[in-house]
Amino acid sequence: MASHGTDVDLVAVVVHRGRAALVGAGARLAGSVPEVASAMVTAASTSRPRFVWWSARYAGELVAAVASPLPRAWDLAEAHRILHGGWKAEPGRVWAAAHALPLSSMPEASSGDLFDFSAGDELGPDDLTRSDGHLRADAASGWLESDARLLRWAEAALECAALQRDRAETLGPRIVGTIHSESAAALMCLELEAGGLPVDRAVLEDLIGGFAGPRAASEEAAVAARRARDAEVLRHVPGRESTDLRNPQQVRDMLAGVGVDVPNTRKWVLDAYRHVHPVVDALLTWRKAERIATTYGYRWLDQCVGPDDRLRGGWSACDGAAGRMTAENGLHNLPAALRSGVAAHGGHVFVRADLGQIEPRVLAVVSGDPVFAEATRADDLYAPVASRLGVERPVAKVAVLAAMYGQRSGAAGEALKGLERAYPVAMGLLDRAYESGVRGEPLRTFGGRLVPTGRFLAQSPIGTNPALDAARGRFARNAIIQGAAAELFKAWAATVRALGAPLGAQIVLCLHDELLVHAPADRADEVATLVDRALADASRRWAAGAPVRFVADTSVIQRWSDAKP
DNA sequence: TTGACCACGTA
DNA sequence: CGTACGTGGTCAAC
């Protein structure tokens with residue numbers, strides 16, 4: 001428990017325009033970035049403190065200088081998101097929440113004004129806070145022009161961290177640990193952005209060419225190629241060649257003209273009409289190619305894949321809902337058809353691992369249902385559930401998923417009743433979450449992240465629109481599972497990162513329940529073992545004694561497509 | 001230029 | 001399509 005207690009020193013570091021400051025554990029200094037980074041290395045090697053920053057993004061320069069050993073962190077922005085919910089976490093908001101100041105009086109984001117009269121008094125040039133307690137609006141930007149102010153800024157960070165930690169400890173037993181893990185995830189996001197995902201550019205070029213055709217030599221050629229692709233669909237509907245395939249309303253009218261009457265033109269609707277009229281199949285084939293051409297085409301390749309054949313995009317440690325990681329530039333939604341273009345570089349392999357049936361296993365932990373926990377001892381959790389319910393496995397699976405996600409279609413009814421009888425603790429937790437959502441009340445995930453459920457309330461109050469009430473309920477029920485799964489995943493990833501670094505292993509993709517680690521080929525087996533051990537360690541810490549088993553499917557591959565589906 | 005909607009890829 | 005995300009298309013309102 002040492003790492004969770006208050007016996008670990010907090011040391012705040014801040015950086016602004018090439019200057020930096022460090023305050024805490026008896027140290028207090030300002031200087032150049034290298035000077036402060038050096039002080040961090042010294043501190044890290046002596047007392048193993050936890051470094052505090054307003055956001056990993058602000059501290060990136062310093063963090064990069066302390067590559068090893070990996071620093072422990074308290075990320076004020078991530079802690080704020082966990083403690084108070086929502087996604088906005090700029091310093092003024094973090095400060096206000098930590099000090100329990102009303103948001104209504106918080107100054108607007110930095111305006112760059114020299115004076116700030118909104119607190120009703122004159123702000124001295126060296127005052128960090130106003131008379132009402134809020135940070136001055138330009139605290140994090142223009143104000144930081146001297147070393148003295150940088151030191152004051154670091155002290156403020158330290159103060160916020162202490163307040164956040166006190167609050168976290170009163171809210172529940174796991175929140176401090178969640179903040180530690182989340183802070184590590186935010187650091188990992190910086191590394192993911194810098195490192196990128198290794199790709200095989202030639203293969204990607206070929207794949208894109210197969211869908212979108214060869215690179216157009218000119219703008220005219222691009223237009224001609226586009227028309228040619230469109231014509232492959234439009235030739236099936238003589239007399240309607242002027243239909244704009246990119247306009248869903250026109251497509252709907254065109255389909256109605258050939259007897260295909262649909263409420264919308266979404267793929268899962270049109271799938272049923274593939275054999276009714278040849279234009280449907282042609283349209284869906286066109287859509288797939290169009291997606292590649294527009295979103296994952298040559299423009300994407302040129303802009304997002306660097307000269308070192310790494311695909312890069314922005315990463316965020318949590319979304320604004322339950323707390324899953326997000327990524328940009330296709331890193332989280334790369335079509336399966338392009339995955340053979342994601343390949344380990346020379347002398348390296350991918351160690352790929354995904355968590356099996358993570359969401360029902362997570363439900364067993366967060367609900368504390370001893371009977372459901374028993375089912376997680378099986379490699380296939382749905383087998384014991386099916387046998388207990390006296391139904392076939394596919395029925396049990398649909399019922400469990402329906403219970404967790406609130407699926408309304410399909411025939412899960414009888415099995416759902418069986419679930420209520422067999423696992424009343426787990427089902428009871430889901431029901432309570434649903435009701436919280438219906439009422440618009442916030443809830444906390446297992447790790448303690450506050451999840452607001454006030455969505456849609458602006459457009460219609462509780463009870464006035466049953467569909468929106470139910471949508472909030474489903475959101476809440478899903479959030480406690482999805483959010484807890486994200487917490488376990490991040491704890492796992494952070495452990496893999498820490499254990500893998502000495503072997504030269506680098507996490508290059510985090511995909512909700514899947515990890516892709518780029519590792520030297522001669523260390524592949526070690527890294528694969530480490531990934532599994534990291535899951536055992538992380539899940540034991542995270543589940544804190546719950547008798548729930550987590551399983552990973554781990555393999556060593558050259559291309560992402562080599563993985564099982 | 002911006003925001004709404006549609007559509008669709010991933011988990 | 002149960003939830004979530006990011007992206008790019010068109011269209012209407014600026």
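Look at CH2 on A:W300: it is 14 Å from C1' on C:dG6, rounded to the nearest Å. We find that OH of A:Y296 is positioned 6 Å from C1' of C:dT7, with the value rounded to whole Å. What separates CG of A:D230 from C1' of C:dG9 is a distance of 13 Å, to the nearest Å. Taking atom NE2 of residue A:H332 and atom P of nucleotide B:dG9, one finds them 18 Å apart after rounding to whole Å. Atom CZ of A:R477 and atom P of C:dA4 are 13 Å apart (whole Å). The CD atom of A:Q250 sits 17 Å away from the P atom of C:dG9 (whole-angstrom rounding). Protein atom NZ of A:K267 is 12 Å distant from nucleotide atom C1' of B:dA7, rounded to whole Å. Nucleotide C:dG8 holds its C1' atom 12 Å from the CZ atom of A:R226, rounded to whole Å.
Mapping A:N247 and A:H512 onto DNA chain C by nearest heavy atom places A:H512 at the nucleotide closer to the 5' end. Between A:T294 and A:A327, the residue anchored closer to the 5' end of DNA chain C is A:A327, taking for each the nucleotide with the nearest heavy atom.
An aromatic stacking contact between A:F475 and the base of C:dT3 is absent, as defined here by ring centres under 5.5 Å apart and ring planes under 30° from parallel.
Comparing the P positions of B:dA4 and C:dG2 gives an interatomic distance of 24 Å, to the nearest angstrom.
No side-chain heavy atom of A:V305 sits less than 4.5 Å from a side-chain heavy atom of A:R310.
Between A:H518 and A:H348, the ring-plane angle classifies as parallel under the 30° and 60° cut-offs.
Across all strands shown, A:R299 has heavy atoms under 4.0 Å from sugar-phosphate atoms exclusively, and none from any base. Here A:A336 lies in heavy-atom contact (under 4.0 Å) with sugar-phosphate atoms only. The residue A:L334 sits close only to the backbone: its heavy atoms come under 4.0 Å of sugar-phosphate atoms, none of a base. Among the heavy atoms of the strands lying under 4.0 Å from A:R339 are primed sugar atoms or P, OP1, OP2 only; no base atom is included. Base contact: A:Q482 has a heavy atom under 4.0 Å from a base atom.
Judged by the 6.0 Å and 45° rule, A:R174 forms a cation-pi pair with A:F446. Remark: A:R455 is positioned above the aromatic ring of A:F475, its terminal NZ or CZ atom under 6.0 angstrom from the ring centre and at most 45 degrees off the axis.
OP1 or OP2 of C:dT7 lies within a sub-4.0 Å distance of a side-chain N or O belonging to A:N329. Between A:R474 and C:dT3 there is a side-chain polar atom (N or O) within less than 4.0 angstrom of OP1 or OP2. At the phosphate of B:dC8, neither OP1 nor OP2 sits under 4.0 Å from any side-chain N or O atom of A:R291.
Listed nucleotides C:dA4, C:dC1, C:dG6 differ in distance to A:R455; the shortest reach to its side chain belongs to C:dA4. Closest to the side chain of A:D513, out of B:dA11, B:dG9, C:dA4, is B:dA11. The side chain of A:A321 lies closest to C:dA4, out of C:dA4, C:dT7, B:dG9. In the set C:dA4, C:dG6, B:dC8, C:dG6 carries the atom at the smallest distance from any side-chain atom of A:T326. For A:D244, taking side-chain heavy atoms from C-beta onward, the closest of the listed nucleotides C:dT10, C:dT7, B:dT10 is C:dT10.
A:F489 and A:H512 have their aromatic ring centers separated by at least 6.0 angstrom. A centroid separation of 6.0 Å or more is found between the aromatic rings of A:H80 and A:W87.
Taking only distance into account, the side chain of A:R324 meets the base of B:dA11 through a donor-acceptor pair shorter than 3.5 Å.
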